[in-house]
Structure formats: structure tokens, C-alpha cells
Amino acid sequence: MSVPDLIGSLRLLICVGSGGVGKTTTAAAIGLQAASQGRKVLVLTIDPARRLANSLGLNRFGNDETRIDLAGLGMAEAEAKGGQLWAMMLDNQQTFDDLIKQIAPNTEARDRILENRIYRATADNISGSQEYMATEKLYDVVGSRRYDLVVLDTPPVKNALDFLDAPGRLARFLDKRVMKWFLTPYDEQKVFGKLLMGTSAVAFRLLGHVFGKEFLEDLSVYFHLFRDLYDGFRERQEAVVEMFNQPTTAFLVVCAPTEPSLEVAGFFLDELARRGMPNPGVVVNQRHLTRGEALDPRAVLGAAAAEAASDLPPHTASQLLARLGAAHKRLRELSVREDQLITERLRVHMHRRQVLWSIPRFEEDVHDLPSLARVGSYLGRPGTR
Ligand SMILES: Nc1ncnc2c1ncn2[C@@H]1O[C@H](COP(=O)(O)OP(=O)(O)OP(=O)(O)O)[C@@H](O)[C@H]1O
Ligand SMILES: [Mg+2]
């Protein structure tokens, strides 16, 4: 199966993998490919490399959905069919604010929480929430059906659970039983009154001595307001979990051909399988792909080199060819070693129907649309390129 075949039937594709392997690059390349098939695509990205963000025009737009100009890529036909590429960078604080605006029961509750100092100080970090915010945004854009396909680039999480469990973690954070501890004194309007009873009251008085009354009041208001939002969060959390389980959702594991990265990829493959999450395959990016056989540069380049270097001392040309031969040999060894690692560390975690795509390491960073198209060209049927 090729990635273009695969994405034809999807509404949501999630790229996961360790740091710096090319998740953002792959997500953007797949987005571009889907747009070239006439689909309207959003790539939801996190902290793309600056040069890529710049050349996509993302730096100016922050948290907004931004349409990428595809002029000059020969895609007029696809565009006429509705092919569009959109991208958006996730901004935690902004996403959380938007979420609160949507689910707050009234403008007063909304303003109180948005202005709350503790909310302002912690929203960016709430339950370690970049992954959670990604799922929130997903719920928003996938649910709105504004796009035929959403490709989600994820943060380089060390533990797959962080991402897959994000909705569950927030629910635990908002667990009413936990919040009760903070809420009770506020509810009774007796935070610092004389009739405080029970453990939380005592604890609050103590904390009040340490942190000051104002801080505690802010804290109490904060939890109180979150309690009002709890049902909204829950509903959305359930919808997001449901979305992950739809047949139109798939996960793609992205890795580099290095030991640590392949190890993380193996972990993701196992974890996705254990959770029954659809995972059609793995992209191994940045591979050193040689043309296979050992080359004798003297045989391949000898005549041309002799002609080009006719004004050089004869041994210079021969030395250069020897060095070229040595470099090719090293590259070939690296390529064989990578093959071995992939067999030993990755294949063993894959089942027969999963596909392995390989993208070579290019000389230059992938930082513009033509180079993304080049990356995308390696995601066809393996072996057909
Ligand atoms: N096949 C490739 N050949 C050459 N450079 C590449 C290739 N793939 C990615 N890069 C470059 O490697 C860098 C890291 O890629 P990218 O940002 O896509 O990785 P990432 O997995 O999203 O990283 P992070 O975990 O930091 O988000 C970028 O500068 C990108 O241009
Ligand atoms: Mg990235």
C-alpha cells in the first residue's frame, strides 16, 4: 500500500516518533501529497523547524489556520478539484483560552477564569498539556469537517502513553473528588472564617499563612471555575477518544535508522497494537540509501575523470578516484548497517500487513515545498520508486 492510497480513506493521520527524526517533515509532505490529490488538508504542527515554518509562511500566523500558497508546484488541476494545503502551529495558551471561551457556561465565568492569575500562570502547563491541547484542537478541526484530512504532527514524546492518554490525564486532573479538597472551603464561603472544620480547612489556614490569603483565594476560585467546566471537558474528552478509534483515523510511526530512534519506534508499534489503534506502517527517514552494489569508481568514472583532469598530474586524478571509492564503501557499509538495524530492531515489531517506507537523507535540510514534494515521492508503494 502507498501513503497516497492510505490517506484516500482517512480523515485523520497522526505522526508519532522520537525527537528530530522528521515527524514534522513527514506530516507536511503527506499533507502536500493529499492536497495534490485534490483534498483539502490541514497539517496541525508543533514547533516546526524555523526554516520550514518560514518558507510555509507560518511564522506570521501563530495559532491560526493558514493557507499555504501552492503556486509554482504545477498543481493547478488538483487545486481546481479542491486541493488545498493549510497549516497551523499549536499554541497551548491560545488553544486553552479558546476552549474555555467555548465551554464556559456564561461570559462571567469565562472572564473570571481567563483573568485568574493561577490560570494565567499554569494554563500552558496544565497536566503537561501539549498533547492534550493537540487533541483538543483536533476535536475542533476534525469535528468541524472543514477539512477532508487532518495530519497531526505530535511532540517528541518519550512515552507514547503521554500522548494517547492525554484525555484521560486531564480527566483525572479534573476529577471531582480531587477538586473537592480545594472546593469545599470556597463553597462554604468560609475559607478564612472562624468556623472552618475538617482537614481541608486546616490545611487551607496553614497554606494561607505560607502563601498569603490572596493566593489561596485565587487558587480556590480557579478550581471552583474549573469545576463548572468539568462536564464540557468530559464530553470533549469522550469525543476525542472516540475519534481515535474511528476507522478513518490512523497512526504512522516515523523514525530514523539509529538505535535509539528504532527502539522508540518499536515501542510505539507495540503500544499501538496493544491499544488496537490502526497503524498501517512505519516511515524510516534519513536513510543512507546507496545504489546497492559495490562500485569501482575507476570503472564508472575513469574515462570522464581522465578527460576532466587532463591538465592535472596523473596521480591526482587517481588519488581522487581512490578517495571517492573509499567514501562510497563507507556509505555502503553504513547503509548495510542501517538495513541490519531495521531488521533487528524494527521488523520484529511489525506484522505482515504493515508497510515500511524509506526516505533518504538529503544533502540539505527539507525546508520548502519542492523538497517536501521530494520527500513525499518516497511514500509510494515501497519498491515502486
Ligand atoms: N530526509 C531528510 N533529509 C535531510 N534533512 C531532513 C530529512 N528529514 C528531515 N530533515 C531535517 O531534519 C530536521 C528535523 O526534522 P523535523 O523537524 O521534521 O523532525 P521532528 O521529528 O519533527 O523533530 P522534533 O522532534 O524536534 O519536532 C529538520 O531540519 C529537517 O529539515
Ligand atoms: Mg517536529
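We use all heavy atoms of the structure for the numbers below, so side chains are in, but hydrogens, waters and symmetry mates are not. For ligands, and for the atoms within them, numbers begin at 1 and follow the listed sequence.
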* Can you find an N or O of Asp153 that's nearer than 3.5 Å to an N or O of ligand 1? -> no
* Asked: Can you name the side chain to side chain donor-acceptor pair (under 3.5 Å) partners of Arg287, sequence neighbours left out?
  -> Asp339, Ser358
* Look at the side chain of Glu65 and the backbone N and O of Trp86, then say whether any donor-acceptor pair between them is shorter than 3.5 Å. => no
* Asked: Does atom CZ of Arg323 have more than 12 heavy-atom neighbours, drawn from other residues, nucleotides or ligands, at distances under 6.0 Å?
  -> no
* Asked: Strictly under 2.8 Å, is any N, O or S atom of Thr45 next to the Mg ion (ligand 2)?
  -> no
* Structure fact -> If we number the atoms of ligand 1 from 1 as shown, the ones under 4.0 Å from a heavy atom of Asn285 are 1 (N), 2 (C), 7 (C), 8 (N), 9 (C)
* Enumerated ligand 1 atoms positioned under 4.0 Å from heavy atoms of Thr25 -> 9 (C), 15 (O), 16 (P), 18 (O), 30 (C)
* Qualifying residue, where the test is side chain to side chain contact (heavy atoms under 4.5 Å, CB included) with Arg347 and the options are Val282, Leu262, Leu356 -> Leu356
* Which ligand 1 atoms are under 4.0 Å away from a heavy-atom of Glu364? -> 4 (C), 5 (N)
* Looking only at distances, please establish whether an N/O atom of ligand 1 is found under 3.5 Å from an N/O atom of Val366. => yes
* Taking side chain to side chain donor-acceptor pair (under 3.5 Å) as the test, write out the residues that go with Glu344, two or more places apart. => none
* Full working for salt bridge (charged side-chain N to carboxylate O under 4.0 Å, His left out) between Glu333 and Lys329 -> CA-CA 6 Å; Glu333 281 165 4; Lys329 184 164 172 275; 3.3 Å; yes
* Should Pro360 be listed as contacting ligand 1, given a heavy-atom distance under 4.0 Å as the test? -> yes
* Asked: Looking only at distance, does Arg361 have an N or O less than 3.5 Å from an N or O of ligand 1?
  -> no
* To do: Could you see which bit of Thr26 sits under 4.0 Å from ligand 1, with heavy atoms only: side chain, backbone, both or neither?
  => neither
* Classify the contact between Glu363 and ligand 1 as side chain, backbone, both or neither, using a heavy-atom distance cut-off of under 4.0 Å. => neither
* Side-chain donor/acceptor of Lys40 to backbone N/O of Gly82, under 3.5 Å -> no
* **Any N/O pair His367/ligand 1 closer than 3.5 Å** => no
* Would you find more than 12 non-hydrogen atoms of other residues, nucleotides or ligands less than 6.0 Å from Gln37 atom CD? -> yes
* To do: Below 4.0 angstrom from a heavy atom of Gly19, which ligand 1 atoms are there? Numbered from 1 as shown, please.
  => 25 (O)
